[in-house]
J.: 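Following this message is one structure expressed as structure tokens.
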Amino acid sequence: MKKLLLTALFVVTFFSLSAVSASAVVNDTVKVGLWYGSNALFSANLENSLGEGFEFGYFEDEREFISLGRTGETQISMTAAGDIYMNGSGAYSADIPSGGYRFLGGWHVELGGFRDYEEAEDAAREYGGYPAWISGEFVARFGSYQSRSEAENDIDRYGGDQVVQSSSTGVIVTVTRTEDILFEFDCGGARDLGVQPEGWRGETSTWFKGYKYAGAFEYARVTGGNINVMNVVDVETYVKGVIPYEMNGDWPLAALEAQAVCARTFLYGNSKHTAAYGFDVCNGTDCQVYRGLGSGGAGPSSQSDQAVDNTAGERLYYQGELVKDAVYHSSDGGATEDSANVFGGNPGYLIGKMDPYEAQITIPNYSYSVTYSASELTWILEQKGYSIGTVRNVYISEYTPMGNVKKVTFEGSGGTTTVSGDTCRTIFYSSTYNKSVRSMRFDINGSSAGSGGGVYVTSSGQLSSLSGASVISGGGSLGTLDGSTASVISSSGISTVSGGNGTTSRPSSGFSNDGFTITGTGNGHNVGMSQYGARAMAEQGYGYQEILEFYYTDITIW
């Protein structure tokens with residue numbers, strides 16, 4: 001999920017609602033992807049901020065850490081083995097840097113036959129080498145050469161058995177910003193290097209990329225590529241690292257407790273990164289924002305930690321099965337929505353309903369307005385693969401019974417296209433123009449947002465049929481409608497509405513000389529729990545169970 005807010009408000013993104021396999025969480029230990037894929041790192045630094053030193057090893061199938069050896073160094077770097085260049089500032093890279101540099105080559109003299117890490121380390125120290133664990137065996141390696149011939153020239157000097165080259169799955173551990181190699185790990189991809197900080201009285205705290213993390217780390221190297229970095233931590237500690245980044249940590253306890261149950265449920269129901277990367281959940285907008293112990297200035301609060309402790313182990317279930325998509329969003333603008341109308345699928349626990357709670361508190365940036373020119377929309381659609389020529393008109397072609405947008409139609413000089421579901425919102429996003437539509441509850445150029453295409457008689461009521469409805473004419477006479485549709489005049493022109501069936505015909509005009517203006521309320525995809533709604537309910541004395549039971553239909557909490 002996208003980061004919601006600390007003091008400012010952000011949009012919460014959606015999760016895929018398609019069926020997924022069981023989570024790969026094992027023994028209540030979770031692997032969190034921190035940097036991976038296109039963001040994988042050539043070199044990753046760690047700094048132990050609480051204890052002393054680190055252990056090297058790996059995680060076996062049950063996620064127990066198997067220790068191979070240790071170092072007393074508190075600042076270490078894990079780098080993709082091979083040709084490594086270190087610039088004057090101590091940064092490692094695969095390319096020759098400008099200015100002066102030091103070289104750590106990929107060729108080494110190797111001596112094998114050691115029983116354990118300590119024995120290999122003692123042998124390596126005699127000649128300035130380092131211990132390594134290669135394909136399940138301890139060896140000592142010496143030198144860092146650029147070529148085989150250079151290494152062969154020194155084989156007798158070290159009394160080595162052979163000359164070897166670091167492979168494309170190897171990882172080198174150095175003292176940060178130095179050429180001092182501490183350890184090399186390479187199991188050909190069968191196992192990944194694990195690094196566990198040595199803590200203080202059972203607690204660990206390690207700096208990585210500007211944040212502190214509890215637990216250990218795992219480094220998976222894609223063959224010939226960079227390193228995927230994971231945090232390996234127990235589930236409850238993980239949830240504590242999510243809550244203050246998805247909801248303000250100073251909000252009422254019941255709201256935070258509801259958020260904790262949702263975050264924990266999502267973790268156990270998620271597996272979309274397991275096959276591709278080997279971790280259970282990512283740390284960013286594609287999953288849930290996770291920042292561990294925080295950055296020093298921001299992080300978990302005593303209140304958010306208490307919310308996790310109070311709900312320890314609790315998750316959402318529907319008809320005896322774990323909820324696979326405990327989705328949530330910032331605010332719904334007045335009504336949540338069926339997942340079927342936003343993401344597709346039809347889980348019975350994600351049913352839209354009118355939300356009376358948000359209106360009872362002040363929500364920052366609750367209403368929004370954004371204007372697009374025809375040329376801007378033409379360019380945005382082209383970038384997203386829609387070829388309809390120059391945009392001439394945009395209108396909402398269908399609402400849901402909850403009054404949220406279900407379909408948007410674009411008319412162009414070369415054709416017409418209609419989008420549905422969450423695309424009605426996301427299609428308008430453009431980083432180039434820095435514009436977006438923030439929710440599923442909006443109108444275009446004054447068309448009837450929230451009308452659901454039907455006729456509203458109160459702020460929360462909609463006629464199920466136009467037949468028999470009474471109307472007052474301009475002359476003051478009372479009449480009765482007969483039929484299923486009627487024509488109405490709005491700021492967008494004449495359009496046809498129907499009672500309660502969630503449809504509306506094309507307005508006669510959706511464009512003005514000033515462009516297409518979209519106005520709406522809420523922030524997010526409108527499915528599942530409204531976080532501001534949860535806050536409002538908590539402030540009125542509702543407990544977290546009642547909050548969850550309102551936003552998720554027919555669920556149980558175990």
Side-chain angles (χ1 to χ4, degrees), residues 24 31-46 54-61 63 65-69 71 76-86 92-95 103-112 114 117 120 124 129-148 151 160-174 179 181-196 208 216-232 273-280:
K31 293 185 179 183
V32 188
L34 302 180
W35 289 72
Y36 60 94
S38 61
N39 293 318
L41 300 174
F42 178 73
S43 186
N45 305 337
L46 290 182
F54 296 90
E55 288 183 273
F56 307 130
Y58 62 90
F59 288 91
E60 49 89 72
D61 294 343
R63 298 195 177 174
F65 183 77
I66 305 301
S67 179
L68 299 174
T71 178
I76 62 174
S77 297
M78 280 52 65
T79 305
D83 289 347
I84 302 170
Y85 299 90
M86 186 183 74
Y92 306 104
S93 68
D95 301 315
F103 179 73
L104 288 75
W107 288 91
H108 318 280
V109 174
E110 183 177 281
L111 179 63
F114 300 103
Y117 180 93
Y130 58 90
W133 202 64
I134 309 298
S135 298
E137 296 184 359
F138 287 101
V139 300
R141 287 186 168 180
F142 307 92
S144 252
Y145 303 97
Q146 195 164 4
S147 67
R148 172 185 288 275
D161 298 326
Q162 61 181 333
V163 167
V164 296
Q165 185 180 27
S166 295
S167 85
S168 59
T169 55
V171 178
I172 293 281
V173 183
T174 62
E179 302 168 81
I181 300 176
L182 299 171
F183 183 60
E184 184 170 358
F185 181 97
D186 190 353
C187 280
R191 295 285 185 186
D192 299 321
L193 171 63
V195 176
Q196 181 164 274
F208 172 65
F217 296 82
E218 190 171 56
Y219 300 85
R221 187 177 178 200
V222 179
T223 300
N226 289 336
I227 301 169
N228 295 326
V229 183
M230 294 164 255
N231 184 206
V232 185
H273 292 296
T274 302
Y277 298 110
F279 54 77
D280 307 315

J.: Can you list everything that forms a side chain to side chain contact (heavy atoms under 4.5 Å, CB included) with Ser38? Sequence neighbours excluded, please.
T.: none
J.: Take Phe42 and Ile84 through the side chain to side chain contact (heavy atoms under 4.5 Å, CB included) test and state the conclusion after the steps.
T.: CA-CA 9 Å; Phe42 178 73; Ile84 302 170; 4.1 Å; yes
J.: By side chain to side chain contact (heavy atoms under 4.5 Å, CB included), which residues pair with Ser77, not counting sequence neighbours?
T.: Ser43, Asn45, Thr79, Tyr92, Thr174, Thr176
J.: Return the set of residues passing ring-ring contact (aromatic ring centres under 6.0 Å, His included) with Phe56 (not counting sequence neighbours), or none when no residue passes.
T.: Phe183
J.: Using a 4.5 Å cut-off on heavy atoms from C-beta on, say whether the side chain of Phe217 contacts that of Leu34.
T.: yes
J.: Search all heavy atoms of Asp186 against all heavy atoms of Gly188 and return the closest pair with its distance.
T.: OD1-N, 2.9 Å
J.: Which pairs count as salt bridge (Lys or Arg N to Asp or Glu O under 4.0 Å) when at least one residue sits in residues 36-45, sequence neighbours excluded?
T.: none
J.: Do Tyr36 and His273 have side chains that approach each other closer than 4.5 Å (heavy atoms only, starting at C-beta)?
T.: yes
J.: Does Tyr58 have any ring-ring contact (aromatic ring centres under 6.0 Å, His included) partners at least two apart in sequence or in another chain, and if so, which?
T.: Trp133
J.: To check you understand the geometry: which heavy-atom pair defines the closest contact between Tyr277 and Met230, and what is its length?
T.: O-CE, 4.2 Å
J.: Got a sec, which residues hit side chain to side chain donor-acceptor pair (under 3.5 Å) with Tyr145, two or more places apart in sequence or on another chain?
T.: Asp154
J.: Output a table of donor-acceptor pairs, distance under 3.5 Å, between side-chain atoms of residues 137-144 and any protein atom two or more places apart or on a different chain; print 'none' if there are none.
T.:
residue: Arg141; atom: NE; partner: Glu110; partner atom: OE1; Å: 2.9
residue: Arg141; atom: NH1; partner: Glu184; partner atom: OE1; Å: 3.0
residue: Arg141; atom: NH1; partner: Glu184; partner atom: OE2; Å: 3.1
residue: Arg141; atom: NH2; partner: Glu110; partner atom: OE1; Å: 2.9
residue: Ser144; atom: OG; partner: Gly105; partner atom: O; Å: 3.4

J.: Please find the pair of heavy atoms, one from Gly225 and one from Ala80, that lie closest to each other, and give the distance.
T.: O-CB, 4.1 Å
J.: Quick test of your reading: applying side-chain hydrogen bond (donor to acceptor under 3.5 Å, both in side chains), list the pairs with at least one residue in residues 217-230, sequence neighbours left out, ordered by first then second residue.
T.: Lys31-Glu218
J.: To the nearest 0.5 Å, how far apart are CD1 in Ile181 and CD1 in Ile172?
T.: 4.5 Å
J.: At what distance, to the nearest 0.5 angstrom, does CG of Leu193 lie from OG1 of Thr169?
T.: 11.5 Å
J.: Could you tell me which residues satisfy ring-ring contact (aromatic ring centres under 6.0 Å, His included) with Phe103, sequence neighbours excluded, listed by chain and number?
T.: Tyr85
J.: Which atom pair, heavy atoms only, marks the closest approach of Ala124 to Pro131?
T.: CB-N, 4.1 Å
J.: Which atom pair, heavy atoms only, marks the closest approach of Gly106 to Asp83?
T.: N-OD1, 3.4 Å
J.: Taking only residues two or more places apart in sequence, or in another chain, which ones meet Asp61 in a salt bridge (charged side-chain N to carboxylate O under 4.0 Å, His left out)?
T.: Arg191
J.: Going by side chain to side chain contact (heavy atoms under 4.5 Å, CB included), name the residues that satisfy it together with Glu179, two or more places apart in sequence or in a different chain.
T.: Met86, Arg102, Leu104
J.: Provide the closest heavy-atom pair for Gly57 versus Phe185 in the form atom of the first, atom of the second, distance.
T.: O-CE1, 3.8 Å
J.: Taking atom NE2 of His108 and atom OH of Tyr130, what is their separation to the nearest 0.5 Å?
T.: 3.5 Å
J.: Glu55: what forms a side chain to side chain contact (heavy atoms under 4.5 Å, CB included) with it, not counting sequence neighbours?
T.: Phe65, Ser67, Arg70, Gln196, Glu198
